[in-house]
Amino acid sequence: MSEVFSMAFKDLRILMRDKLGAFFIVGFPILMGLFFGMIMGGNSGGDTAKIRIAIVDEDQSEMSKQFVDLLAANESVDLQVDDFEPARESVRGGKRQGMIVLPEGFGSKVGVFWGEPATIQIGMDPSRAAEAGMVEGYIMQAVGGMAGERFQNPTQFKPMIEEQRQQLADDPDVDPVTRGLVGAFFNSVDGMLDNIGELQETPGGEENGPMSDGGFQFANVESLDITYVPEPGSRNAQIQKLTSPWDISFPQAMLWGVLGTVAGFAISIAQEKTMGTLVRLQVAPVSRFQILAGKALACFMTVLFVITMLTVLGVFLPDGLRPDSYAKLVVAALCVAVCFVGIMMTFSVLGKTEQSVSGIGWAANMIMAMLGGCMIPVMFMPASIQQASIFSPVKWAILSIEGAIWRKFSWLEMATPCGILIAIGAAGLIAGTIVLNKRDGS
């Protein structure tokens, strides 16, 4: 066993001698994490896939159901009606990008240009900030459509105006002047609705009627933080809230460091093969298994060091990281290390020279990073590419780390990404070792 540790520390010393290589493993991910954290500020072309949204209809009125139908008709939205807690859990677990809540009273206020506007709550996955603006735009589009529907059917306003008139007459605190002004306003609205009805009965009236929102605010959009952990019977009870940009940027930065580690060690194995170092080591009293185990251990230790270093740095930054569970973060780090050690072993046998291994390794790293969401927001990718993201180890690595930092995964929820990472790592280790042994005639 001492030979394995000696080989591992030998590779670590060689790694530290290459200042540029060490920078891309240690310094570059720090810069990436700081940069993306600052530009995110705590928020986070092609056939793009639909944005997966859960909607909670607490109003259960005809107007709220009509709103749900209008939003579901949007070709860019994959809408699923659900209860509040399952909807929140689906967003927290990364199954949906966001959720929409229609509170009680929504139907009586939406599309009305007087009084308090209807309230709509939006809860977005903090790591999917790019989609938030688009979802709000789709919501306002649907609300505008409902305002148009109300004007097309002005009789809907009549009962509401009469109700407001009655409330005004019954309120003893309203002075006579205000009562007269508001009453005159309701009379004007009533007359306008009659005129709209007459216009719609004439040829061409439907096209010329005022269907736009006229600049009125028809909805009050409120942010709903899906990272709340509510107490039983209380939706708004906050135990821990994600407010730090580092919670989102640092898991991605960790993976950039891990990818740099994988490429560096894969190239080092190819280099030692071409330079004959592996052959010379085998002449010494060191077995091939010990040589490969030493390489794997050195890579494993470096991956853990990268994740640990970035975690410590993130915790001490202003408004820094607040991992939900350090125990789960340790498990996630170990699984990520196992996975990418296996990938490193596979990369090392894909080419016969260090140049070919370097090119293939970094190309594969870029593909894994893009599919995993480290470079381009997944929403901007074609739908078929988005579906292929499940094959990227980077996706599962980020999900496992986020699960420990801010998604508040249970141990059962951690099992899926961690199990996938271990399976990929084991397959890579076995395949890489078998190919390397056969190629060298063992």
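- Panel note: side chain Gln97, backbone Arg52; a donor-acceptor pair is recorded below 3.5 Å.
- Among all heavy-atom pairs drawn from Ala388 and Leu371, the shortest one is O-CD1, 4.2 Å.
- Between Trp362 and Gly260, the shortest heavy-atom contact is CH2-CA, 3.8 Å.
- Side-chain contact, Arg96 with Gln80: a donor N or O sits under 3.5 Å from an acceptor N or O.
- Atom-to-atom distance recorded for Met370:CE and Ser389:OG is 12.5 Å, nearest 0.5 angstrom.
- Under the 4.5 Å side-chain criterion, counting only non-hydrogen atoms from C-beta, Ile401 is in contact with Leu255.
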Please step through side chain to side chain contact (heavy atoms under 4.5 Å, CB included) for the pair Val68 and Ser64, ending with a clear verdict. CA-CA 6 Å; Val68 173; Ser64 66; 5.7 Å; no

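- In this view, Ile420 and Trp396, Thr416, Ile424 satisfy the side-chain contact (heavy atoms from CB on, under 4.5 Å) rule, not counting sequence neighbours.
- At least one side-chain heavy atom of Leu321 sits under 4.5 Å from a side-chain heavy atom of Phe250.
- Judged by distance alone, with hydrogens and angles left aside, the side-chain atoms of Asp59 form a donor-acceptor pair with the main-chain N or O of Gly107 at under 3.5 Å.
- Interatomic distance, Ile398 CD1 to Ile248 CD1, rounded to the nearest 0.5 Å: 10.5 Å.
- Summarising the local packing, CD of Glu222 is surrounded by more than 12 heavy atoms from other residues, nucleotides or ligands at distances under 6.0 Å.
- Under the 3.5 Å distance criterion, the side-chain polar atoms of Asp83 are left unmatched by any main-chain donor or acceptor of Glu85.
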Output, in order, the C-alpha distance, side-chain angles, deciding distance and verdict of side chain to side chain contact (heavy atoms under 4.5 Å, CB included) for Val315 and Tyr326. CA-CA 12 Å; Val315 168; Tyr326 283 98; 3.7 Å; yes

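- For the residue pair Cys418 and Ser400, the shortest heavy atom distance occurs at SG-CB, 4.3 Å.
- The two residues Val56 and Ala87 make their nearest non-hydrogen contact at CG2-CB, 3.8 Å.
- At least one side-chain heavy atom of Ile269 sits less than 4.5 Å from a side-chain heavy atom of Met345.
- Nearest heavy-atom pair, Glu58 versus Pro103, reported as atom, atom and distance to 0.1 Å: OE1-CA, 3.8 Å.
- Within 6.0 Å of CZ on Phe391 lie no more than 12 heavy atoms contributed by other residues, nucleotides or ligands.
- Residue Met99 holds its CE atom at 10.0 Å from CD1 of Ile53, rounded to the nearest 0.5 Å.
- When all heavy atoms of Val258 and Val306 are compared, the closest pair comes out as N-CG1, 4.3 Å.
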Check against side chain to side chain contact (heavy atoms under 4.5 Å, CB included), Asp82 and Ile55: CA-CA 6 Å; Asp82 213 335; Ile55 188 165; over 6 Å; no

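- Looking only at side-chain heavy atoms (C-beta outward), Gln60 and Leu102 stay at 4.5 Å or farther from each other.
- For the pairing with Glu413, the salt bridge (Lys or Arg N to Asp or Glu O under 4.0 Å) check across Arg407, Lys408, Arg92, Lys328 returns one residue only, Arg92.
- For Ser392 (side chain) and Met368 (main-chain N/O), a donor-acceptor pair under 3.5 Å exists by modelled atom type.
- Between Val341 and Leu429 there is a side-chain heavy-atom pair separated by less than 4.5 Å.
- No donor-acceptor pair closer than 3.5 Å links the side chain of Thr433 to the backbone N or O of Ile430.
- Side-chain contact between Ile139 and Ile100: present, with at least one pair of heavy atoms (C-beta onward) separated by less than 4.5 Å.
- Looking at Asp57 and Phe67, their side chains never come closer than 4.5 Å, going by heavy atoms from C-beta outward.
- Note: Leu224 CG to Ile122 CD1 = 9.5 Å, rounded to the nearest 0.5 Å.
- Side-chain atoms of Leu399 and Phe409, non-hydrogen and from C-beta on, do get closer than 4.5 Å to each other.
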Show your reasoning for whether side chain to side chain contact (heavy atoms under 4.5 Å, CB included) applies to Ile360 and Phe347. CA-CA 7 Å; Ile360 295 172; Phe347 283 177; 5.6 Å; no

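- Within the 3.5 Å criterion, the main-chain N or O of Phe305 finds no donor-acceptor partner in the side chain of Thr308.
- How far CG of Leu310 is from CG of Leu317: 10.0 Å, rounded to the nearest 0.5 Å.
- Here the CD atom belonging to Glu89 is positioned 8.0 Å from the NZ atom belonging to Lys95, to the nearest 0.5 angstrom.
- Among residues two or more places apart in sequence or in another chain, the ring-ring contact (aromatic ring centres under 6.0 Å, His included) test is passed with Phe340 by none.
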